[in-house]
Amino acid sequence: MSLLFRTSDPSNPFVPAAIAQPARKTALSVNLNKVALLRNTRHLDIPSVTRAAELCLQAGAHGITVHPRPDERHIRADDVYELAALMKDWPDREFNIEGNPFQNLMDFVRNLTARGLPLHQCTFVPDSEDQFTSDHGWTFPDDAERLQPLIEQAHARGVRVSLFMDPDPGAMAAARAVGADRVELYTESYARAWSGHEKNEVLDNFAKAGRAAVAVDLGVNAGHDLNRDNLTEFLRRVPGVQEVSIGHALIADALELGYAATVKDYLRCIDEAFAPGAAA
């Protein structure tokens, strides 16, 4: 089950076309940062990040995501290269690296592709070096001029680019115009509102952002605090979501259920969103 789409550009055949609706259900990419965070509290390589990736892929995850920050407080550079080497054994799955392209992300893009290692997608995130966690998206038109050449560099190496974005419907066309293939909608506001009376209003705005992205042939990813409780409803309401990247909640669930059972339950949540007769 390949996530790659050939484009009409023969000089760059592996940058997936940002066509409207995905040809299948939303893909699940497992973010392994929290496994690395736990590992880093000791010096014994326990738990193993690569073993966690292998178990998640065996259970049916469609991809692996990492966000290697410059201080290496969780994912380290060695993890990135070891995971990329592992992904060679899973040619139908995807490797996604998140990060700030003005810090260390582009070094990984250049080095992985130069070594012939898999890298399908890089997600540009506007984090500061000491930021606790990702908490906002790119701003347009402010960030357009400096992002465009880096997007072009990634494309030249056959790597899809997704921009981490707030759910602002008016910004989707600008993200497409700067060259992005996809946006990753920052979903923390939805997760915070999920159990309250503002949920429908917040979710309606995400749906508008999804429709705005699809309207300009921009692919839609989503992530940040999605979990087994709120994932199905999000996918039912927001059109065109091709991938969700889930780390914190999934790894927390895996502490109780194990990797395999947890991944399968997140896949169940996705299946329920696409089930015939599912409420829109």
### Option among R228, K264, K34 that satisfies the salt bridge (charged side-chain N to carboxylate O under 4.0 Å, His left out) test with D253
R228
### Task
Report yes or no: do N221 and E184 form a side-chain donor-acceptor pair below 3.5 Å?
no
### Message
Taking D107 first and then R110, would you say they form a salt bridge - that is, a charged N and a carboxylate O separated by under 4.0 Å?
### Response
yes
Could you pull out all donor-acceptor pairs under 3.5 Å where a side-chain atom in residues 81-88 meets a protein atom, sequence neighbours excluded?
from: Y81; atom 1: OH; to: N111; atom 2: ND2; distance (Å): 3.2

### Query
Taking 4.0 angstrom as the limit, do R268 and D265 come out as a salt bridge?
yes
### Summary
In short, L235 meets A273 closest at the heavy-atom pair CB-CB, 3.6 Å
### Task
Evaluate the ring planes of W138 and F102, with Trp represented by its six-membered ring, and classify them as parallel (under 30°), tilted (30 to 60°) or perpendicular (over 60°).
perpendicular
### Task
Can you measure from CG (D143) to CZ (F124) and round to the nearest 0.5 angstrom?
12.0 Å
### Query
Strictly by modelled atom types, are T65 and N96 linked by a side-chain donor-acceptor pair under 3.5 Å?
yes
### Distance, nearest 0.5 Å, that separates CG of L218 from CD of Q242
9.0 Å
### Task
Write down the atom of G210, the atom of V238, and the distance for their closest heavy-atom approach.
CA-CG1, 4.3 Å
### Task
Indicate, with yes or no, if L117 and V49 share a hydrophobic cluster defined by side-chain heavy-atom contacts under 4.5 Å among Ile, Leu, Val, Met, Phe, Trp and Tyr.
yes
### Query
Under the salt bridge (Lys or Arg N to Asp or Glu O under 4.0 Å) test, which residues partner D204, sequence neighbours left out?
R237
### Task
Please determine if D71 and R69 form a salt bridge, counting it only when a charged side-chain N lies under 4.0 Å from a carboxylate O.
no
### Summary
In this structure, CD of E98 is separated from OG of S29 (nearest 0.5 Å) by 8.0 Å
### Message
Pair L250, N31 - check side chain to side chain contact (heavy atoms under 4.5 Å, CB included), show working.
### Response
CA-CA 8 Å; L250 190 150; N31 187 315; over 6 Å; no
### Task
Give the minimum heavy-atom separation between I64 and C56, together with the two atoms involved.
CD1-CB, 4.5 Å
### Task
Given side chain to side chain contact (heavy atoms under 4.5 Å, CB included), test L226 with Y190 step by step and report yes or no.
CA-CA 8 Å; L226 294 173; Y190 164 66; 4.0 Å; yes
## Note on the structure
Which of T26, V30, L267 passes side-chain contact (heavy atoms from CB on, under 4.5 Å) with H62? It is L267
### Query
Is E54 paired with R51 through a side-chain N to carboxylate O contact shorter than 4.0 Å?
yes
### Task
Apply side chain to side chain contact (heavy atoms under 4.5 Å, CB included) to the pair L163 and V178, showing each step before the final yes or no.
CA-CA 10 Å; L163 298 182; V178 82; 4.0 Å; yes
#### Entry: Partner of D181 by side-chain hydrogen bond (donor to acceptor under 3.5 Å, both in side chains), out of H155, R160, R176
H155
### Query
Quick one: do W90 and L112 end up in the same hydrophobic cluster if we chain Ile, Leu, Val, Met, Phe, Trp and Tyr together by side-chain heavy atoms under 4.5 Å apart?
yes
